[in-house]
Amino acid sequence: EVQLVESGGGLVQLGGSLRLSCLASGFTFDDYDIGWFRQAPGKEREGVSYIGSRYDSVFTSNSVKGRFTISRDNANNTVYLQMNSLKPEDTAVYYCAAGTLLSETEAVVNYWGKGTLVTVSS
């Protein structure tokens with residue numbers, strides 16, 4: 001069974017940090033590009049950061065660039081999102097996804113995680 005299981009979400013203060021993890025199973029992890037998406041209350045889902053299947057490409061949205069860092073460990077089927085200098089506008093459900101990056105702004109997603117909630121308080 002294909003699974004993407006996020007962890008690491010929670011409540012953090014403005015300026016704080018969190019590290020999200022996504023543990024994958026049930027598919028060949030290093031065949032897939034991995035991305036983090038988020039959906040804030042009342043807003044559309046948006047892409048946050050993406051990393052290629054073999055560390056070949058990394059993209060981050062302008063809103064998180066310089067604050068968030070994506071990484072992956074193919075040996076452990078895990079992708080991470082280190083989030084620093086968190087702002088209230090970062091509050092959202094964060095999802096990891098596996099698929100294929102087509103460009104910096106477009107991806108085909110094959111598998112979705114169920115999400116983890118990040119809440120940033122002021």
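By convention here, the first residue in the shown sequence is residue 1.
Take D30 and apply the salt bridge (charged side-chain N to carboxylate O under 4.0 Å, His left out) test, not counting sequence neighbours, and it matches no residue. With sequence neighbours left out, R54 forms a salt bridge (charged side-chain N to carboxylate O under 4.0 Å, His left out) with D31.
F29 approaches V79 most closely through the heavy-atom pair CZ-N, 4.2 Å. Among all heavy-atom pairs drawn from E6 and Y94, the shortest one is OE2-O, 4.0 Å. Smallest separation of non-hydrogen atoms from V12 and L18: CG1-CD1, 4.0 Å. The nearest pair of heavy atoms linking M83 to L20 is CE-CG, 3.8 Å.
For residues 74-122, the set of pairs meeting the disulfide (SG to SG under 2.5 Å) definition, not counting sequence neighbours, comprises C22-C96. Within the structure, salt bridge (charged side-chain N to carboxylate O under 4.0 Å, His left out) pairs that include any residue of residues 62-76 comprise R67-D90 (at least two apart or interchain). Within the structure, side chain to side chain donor-acceptor pair (under 3.5 Å) contacts touching residues 42-52 (residues at least two apart or in different chains) are R38-E46.
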In a table with atom names and distances, give each donor-acceptor pair under 3.5 Å that connects a side chain of residues 104-122 to protein atoms at least two apart or in another chain.
from, atom 1, to, atom 2, distance (Å)
T105, OG1, S103, OG, 3.4
T116, OG1, G9, N, 3.3

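Rounding to the nearest 0.5 Å gives a distance of 8.0 Å between OG of S71 and CD of Q82. Atom-to-atom distance recorded for D33:CG and S57:OG is 7.5 Å, nearest 0.5 angstrom.
Q13 CD: 12 or fewer foreign heavy atoms inside a 6.0 Å radius.
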